[in-house]
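In what follows, a structure is listed as structure tokens, so that the remarks can point back to it.
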Amino acid sequence: MTAPRRFTTAAAAVVAASVALCLTACGSSSGSAGTASGGATKVTNLTYWSWTKNAQQVVDAFNASHKDAHVTLSVIAGGADGYAKIFAAIKAGNGPDVFNCEYAELPDFVSQGDVQDISQYVTSDTKAKFASAAIDLTTLGGKSWAVPFDVEPELYYYRKDLFAKYHLTVPTTWAQFQSDAQALKKVAPKAVLANFNTNDPTITALSAQAGAHWFSTSGSTWTVNFTDAASQKVAAYWQNLVKGGLVSAYASNSPSIAADVTADTQIGMIDPPFEAAYLKTSYADQSGKWAVAPLPTWDGTAATSTLGGSTTTVSKNSKYAAAGAEFATWLATDATAVKARVTGGTSSALPADPQMADIAQQAFDASYFGGQDVYSVFKQAATTVTSGQVWGPSMVDTITALTDGLSKLSSGTTVAAAVQAAQQSTVAKLQSAGLSVTAG
């Protein structure tokens with residue numbers, strides 16, 4: 001789940017410098033699987049922490065196909081709770097060998113020296129397998145700190161049957177989205193076109209789609225600007241929708257959302273590719289009723305941003321960086337791994353390796369969507385992701401501050417106020433870390 005995530009290589013280098021990364025002191029371990037003196041294969045045992053769907057099936061497939069390494073999975077929570085557990089374990093010296101990390105949170109782990117530089121194991125041939133944007137996201141200071149797995153462009157999911165019932169067309173612009181929401185409210189007062197999530201950073205992706213750049217750098221100085229013209233436009237737009245009851249405003253895991261979807265009163269949602277699997281497993285009785293379309297835009301020009309997308313990285317506690325990097329690469333580039341993750345429909349992630357995206361497309365059962373080839377929509381959306389987004393070195397704290405504010409929308413806080421408070425908190429955090437910071 002977490003926000004957006006595009007680094008340019010140049011910006012990533014500045015990230016590394018500005019957060020004073022220990023690029024030389026925090027090098028990688030050379031430990032790897034080897035051969036015992038008697039000629040028998042020495043097995044390297046790796047621990048892996050993940051929240052991803054079908055993780056055990058993926059690990060089982062790896063263990064069945066590798067004789068020199070064995071992976072033991074621990075399932076952890078996603079989001080802030082999961083990251084807090086990982087940070088604490090690494091600081092205590094008992095972190096996992098490898099773990100999942102979303103793109104926006106990776107700079108936090110790098111800046112604190114909690115992950116290893118795996119550049120020597122991420123070869124040019126490996127990098128060539130991935131979309132360049134995904135490699136940019138995992139490259140800081142010219143060094144590779146993780147192997148990308150997926151990319152997650154924002155999309156619009158909608159109930160085909162209810163759109164037909166209410167004589168709605170799929171909105172292609174945000175102006176149409178608002179007018180349709182108003183029209184829907186007149187004929188179905190309890191119905192909404194979407195929920196505005198208050199416990200995740202969807203607002204960051206919506207702002208980036210509009211052209212906002214919440215973080216930028218000049219030399220060693222950070223500029224933190226969550227309140228530029230684009231961000232203010234987006235905040236005001238969604239505040240108007242929330243205030244007018246044109247969208248709901250719940251935490252994404254709230255029972256209220258499940259109740260609304262079940263009651264046919266939430267008839268659409270804004271989410272990345274991974275949502276397709278959640279719909280399929282959570283609302284099986286609505287099979288054939290959902291479809292997916294590109295995200296509405298401001299001017300009709302195709303554009304989106306990302307929310308979520310993850311990597312696999314090697315913690316500083318691991319003695320087996322080579323084996324860990326091999327496992328991370330296998331997860332993202334092996335057809336068996338991708339099939340194990342997607343088959344059955346419990347995951348609908350869009351792999352960052354285009355060849356594996358094709359494998360996922362073939363493996364995913366689209367019958368829930370009435371036969372719509374949802375992966376074609378996913379892959380096309382990925383080509384329209386806005387570029388130049390830079391993520392700061394304390395995104396875990398930034399996201400926590402942001403969602404703390406958004407959770408108070410029902411008690412009078414505005415979207416703009418929540419975003420402003422998150423900026424103030426972020427500036428203070430970076431200043432306390434000794435960084436040069438200006439507020440936009």
Side-chain angles (χ1 to χ4, degrees), residues 53 150-181 183-185 187-188 190-197 202 205-206 209 241 246-248 252 257-258 260-297 300 302-308 342-350 357-358 360-385:
K53 297 294 184 179
D150 59 333
V151 290
E152 298 291 339
E154 288 279 61
L155 303 153
Y156 184 61
Y157 294 84
Y158 65 98
R159 281 281 298 273
K160 294 181 293 184
D161 58 328
L162 297 177
F163 265 61
K165 175 181 178 179
Y166 297 124
H167 307 290
L168 298 172
T169 58
V170 181
T172 59
T173 66
W174 289 118
Q176 181 189 349
F177 185 93
Q178 182 171 357
S179 63
D180 285 354
L184 177 62
K185 191 171 183 63
V187 297
K190 294 183 178 180
V192 294
L193 289 182
N195 178 69
F196 180 73
N197 295 340
T202 298
L206 294 171
Q209 184 208 28
L241 295 183
L246 301 178
V247 296
S248 54
S252 60
I257 291 183
D260 287 353
V261 173
T262 301
D264 295 346
T265 54
Q266 182 179 319
I267 69 172
M269 55 184 63
I270 297 165
D271 276 300
F274 62 65
E275 184 62 30
Y278 282 98
L279 282 172
K280 185 173 183 176
T281 55
S282 300
Y283 307 102
D285 61 332
Q286 296 182 4
S287 178
K289 297 180 179 180
W290 284 91
V292 64
L295 193 68
T297 65
T304 189
S305 189
T306 60
L307 182 68
V342 174
T343 298
T346 54
S347 174
S348 52
L350 177 64
D358 293 341
Q361 183 175 21
Q362 296 164 13
F364 184 77
D365 179 5
S367 61
Y368 182 86
F369 292 89
Q372 181 188 17
D373 185 357
V374 294
Y375 266 85
S376 288
V377 181
F378 299 167
K379 291 194 290 186
Q380 178 59 35
T383 68
T384 68
V385 172

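Please read all numbers here as calculations on a predicted model, not as lab measurements.
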Taking every heavy atom of Phe378 against every heavy atom of Pro153, the minimum-distance pair comes out as O-CG, 3.9 Å
Sort out for me which residue in Thr297, Thr172, Val170, Val247 forms a side-chain contact (heavy atoms from CB on, under 4.5 Å) with Phe177. Val247
Within the structure provided, determine whether Ser376 and Gln361 are in side-chain contact (heavy-atom separation under 4.5 Å). yes
Looking at every non-hydrogen atom in both residues, tell me the closest pair between Gly370 and Lys160 and how far apart they are. CA-NZ, 4.2 Å
Qualifying salt bridge (charged side-chain N to carboxylate O under 4.0 Å, His left out) pairs with a residue from residues 369-383, counting only residues at least two apart or across chains: Asp358-Lys379
On a heavy-atom basis, the closest approach of Ala360 and Val342 is O-CG1, 3.7 Å
Given side chains that start at C-beta, do those of Leu307 and Glu152 come closer than 4.5 Å, heavy atoms only? no
Those residues at least two apart in sequence (or on a different chain) that pass side-chain hydrogen bond (donor to acceptor under 3.5 Å, both in side chains) with Gln209 are Trp174
Under the criterion side-chain contact (heavy atoms from CB on, under 4.5 Å), I'd like the reasoning laid out for Glu154 against Val385: C-alpha separation, chi angles, the key distance, then a yes or no. CA-CA 9 Å; Glu154 288 279 61; Val385 172; over 6 Å; no
Heavy-atom side-chain contact between Pro294 and Tyr156 under 4.5 Å: no
Are any side-chain N or O atoms of Thr384 and backbone N or O atoms of Ala381, one a donor and one an acceptor, separated by less than 3.5 Å? yes
I need the Leu155 CG to Asp271 CG distance, nearest 0.5 Å. 8.5 Å
Sorted by chain and residue number, the ring pair (Phe, Tyr, Trp, His ring centres under 6.0 Å) partners of Tyr158 (sequence neighbours excluded) come out as Phe163
What residues, two or more places apart in sequence or in another chain, satisfy ring pair (Phe, Tyr, Trp, His ring centres under 6.0 Å) together with Tyr157? none
Any side-chain heavy-atom pair of Val377 and Gln372 under 4.5 Å: yes
Side-chain heavy-atom pair Arg159, Lys289 within 4.5 angstrom cut-off: yes
Mind listing the closest non-hydrogen atom pair of Asn195 and Ser248 along with its distance? OD1-OG, 2.8 Å
Which distance, rounded to the nearest 0.5 Å, do you find between the CZ of Phe364 and the OG of Ser348? 5.0 Å
State, yes or no, whether a side-chain contact exists between Pro171 and Asp180 at a heavy-atom distance under 4.5 Å. yes
Please report the interatomic distance OG1(Thr262) to CD(Gln286), rounded to the nearest 0.5 Å. 6.5 Å
Going by atom type alone, with no hydrogens or angles, which donor-acceptor pairs under 3.5 Å involve a side-chain atom of residues 272-281 and a protein atom two or more places apart or on another chain?
unit_1	atom_1	unit_2	atom_2	d
Lys280	NZ	Asp365	O	2.7
Thr281	OG1	Ala277	O	3.0
Thr281	OG1	Tyr278	O	3.3

Roughly how far, to the nearest 0.5 Å, is CG of Leu193 from CG of Leu241? 9.0 Å
For the atom pair CG (Leu206) and OG1 (Thr304), what is the distance rounded to the nearest 0.5 Å? 8.5 Å
I need the Thr265 OG1 to Asp260 CG distance, nearest 0.5 Å. 3.5 Å
Counting C-beta onward and ignoring hydrogens, is there a side-chain heavy-atom pair between Gln176 and Thr169 closer than 4.5 Å? yes
Can you list the residues that meet the ring pair (Phe, Tyr, Trp, His ring centres under 6.0 Å) rule with Phe369, with sequence neighbours excluded? none
Within the 4.5 Å heavy-atom criterion, are Asp161 and Ile267 side-chain neighbours or not? no
Taking all non-hydrogen atoms of both residues, which atom of Leu184 and which atom of Tyr166 are closest, and how far apart? CD1-CD1, 3.5 Å
